[in-house]
There are 2 protein chains.
Amino acid sequence: MTVSLRELRALPGFDDTLLTEGCPTRVVLDHVTSKWGVLVLLALSDGTHRWGELRRAVDGISEKMLAQTLRTLEGDSLVLRDAHPTIPPHVEYSLTASGRELVDRMLPLVEWIARNADRMLPAAP
Amino acid sequence: MTVSLRELRALPGFDDTLLTEGCPTRVVLDHVTSKWGVLVLLALSDGTHRWGELRRAVDGISEKMLAQTLRTLEGDSLVLRDAHPTIPPHVEYSLTASGRELVDRMLPLVEWIARNADRMLPAAP
DNA sequence: GTGGGTACTCTCTATTGGGAAGTAGCCTGA
DNA sequence: TCAGGCTACTTCCCAATAGAGAGTACCCAC
């Protein structure tokens with residue numbers, strides 16, 4: 001198991017430019033770990049959802065940010081947008097195979113935080 | 001292994017309020033997955049660093065954001081600040097035991113993104 | 001012809017982030 | 001003697017970004 005950034009950079013295929021500003025890894029990492037990106041991906045870990053469902057599932061997100069986040073994640077091939085040209089519109093969002101792999105690696109992190117968040121925060125009011 | 005948000009919420013100790021706005025998990029998650037939070041934690045995965053080293057290690061960070069990020073992560077008990085009251089000042093930053101556990105769960109995610117980022121982005125110029 | 005349903009998109013304002021200069025006090029070199 | 005450097009921040013200002021809320025498109029039921 002990789003235990004540090006140094007080790008990660010030493011793996012075959014990587015070098016010291018990993019995570020420098022503007023490199024592809026940083027770009028995708030920024031999208032995925034953005035405030036709403038994480039929550040949208042988590043919501044989709046449950047399976048396919050429609051726009052309105054996502055809006056309700058991701059507590060606090062505005063319509064603008066939901067649209068923007070979905071477009072970004074779709075651009076990164078993590079989310080699949082399946083639009084049925086009906087009236088009223090019907091659009092379904094789901095994880096791609098890549099998205100599924102990524103979420104599988106995100107869930108342990110989120111689970112650890114969920115287990116430990118309470119004792120970490122300073123004097124929750 | 002937990003494979004979805006639904007399953008995570010079904011685990012003992014959790015419920016449907018997990019990840020609602022303002023809940024401790026969301027707060028810590030926001031800190032940890034903020035643009036600079038991830039990169040600072042990754043930099044510290046290599047071991048203890050001084051301020052100037054971190055500034056150079058985290059490509060593109062401003063002094064303002066480095067200070068803010070370090071204070072936030074320290075408040076979350078993820079980073080330890082060890083200041084020696086000398087002139088000129090000498091301050092060392094390292095991961096706490098919690099921080100180490102968290103980074104152990106973050107590295108697989110980052111490694112996966114590093115391996116796949118190139119083919120995910122649309123038409124890299 | 002009016003209202004409902006869905007998925008956006010636009011506009012305006014509040015918040016956030018970057019850059020650069022300022023701060024503290026001792027120590028070194030000229 | 002005294003300017004300048006060392007280090008870890010902090011502050012200020014302005015540009016970029018995020019968010020709230022209203023607007024749009026289109027057809028159907030009433």
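The chains referred to below are lettered A, B, ... by the order of the sequence lines, with proteins before strands, and numbering in each begins at 1. Keep in mind it's a predicted model, so treat the numbers as computed, not measured.
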Please report how far the helix from C:dG1-D:dC30 to C:dA30-D:dT1 bends, comparing the axis fitted to its first five pairs with the axis fitted to its last five, to the nearest 10 degrees.
-> 30°
Please list, by residue number, the residues of residues 36-52 of chain A whose heavy atoms come closer than 4.0 Å to an atom of DNA chain C; answer none if no residue qualifies.
->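 Of all residues in residues 36-52 of chain A, the ones placing a heavy atom under 4.0 Å from DNA chain C are A:Arg50, A:Trp51, A:Gly52.
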Just checking B:Arg81: base, sugar-phosphate only, or nothing, at a heavy-atom cut-off of under 4.0 Å?
-> sugar-phosphate
With sequence neighbours excluded, residues passing salt bridge (Lys or Arg N to Asp or Glu O under 4.0 Å) with B:Asp104 =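 B:Asp104 satisfies salt bridge (Lys or Arg N to Asp or Glu O under 4.0 Å) with B:Arg100 only.
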Nearest heavy atoms of [X] and [Y], plus distance in Å:
X: A:Glu111; Y: B:Leu11; result: OE2-CD1, 3.6 Å
X: B:Tyr93; Y: B:Leu44; result: O-CD2, 3.4 Å
X: B:Leu102; Y: A:Trp112; result: CD1-CZ3, 3.4 Å
X: B:Thr69; Y: B:Met65; result: OG1-O, 2.6 Å
X: B:Phe14; Y: B:Leu8; result: CD1-O, 3.1 Å
X: A:Leu80; Y: A:Thr96; result: N-CG2, 3.9 Å

Review item, nucleotides 12-15 of chain D N/O atoms under 3.5 Å of protein N/O:
none

Polar side chain donor-acceptor pair, B:Glu7 to B:Thr2, under 3.5 angstrom =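 There is no such pair (donor and acceptor under 3.5 Å, judged by atom type) between the side chains of B:Glu7 and B:Thr2.
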Phosphate oxygens OP1/OP2 of D:dG19: is one of them under 4.0 Å from a side-chain N or O of A:Ser62?
-> no
Using only side-chain N and O atoms of B:Arg71, determine if any of them is under 4.0 Å from OP1 or OP2 of D:dC9.
-> no
Send over the distance from B:Arg55 CZ to D:dT10 C1', rounded to a whole Å.
->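 After rounding, the gap between these two atoms is 14 Å.
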Determine whether A:Leu18 and A:Arg26 make a side-chain contact, defined as any pair of heavy atoms from C-beta on separated by less than 4.5 Å.
->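 Answer no - side chains too far apart.
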Heavy-atom side-chain contact between A:Leu107 and B:Met1 under 4.5 Å |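 Of all side-chain heavy-atom pairs linking B:Met1 with A:Leu107, none is under 4.5 Å.
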Counting heavy atoms from C-beta on, name the nucleotide in C:dG17, C:dA7, D:dA8 closest to the side chain of B:Met65.
->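 Within the option list, the nearest is C:dG17.
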With sequence neighbours excluded, what pairs up with A:Ala67 under the side chain to side chain contact (heavy atoms under 4.5 Å, CB included) test?
->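 Once residues adjacent in sequence are excluded, the partners of A:Ala67 under the side chain to side chain contact (heavy atoms under 4.5 Å, CB included) criterion are A:Trp51, A:Arg71.
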Could you run down nucleotides 21-30 of chain C 5' to 3' and tag each one B, S or - for protein heavy-atom contact under 4.0 Å?
-> B---BS----
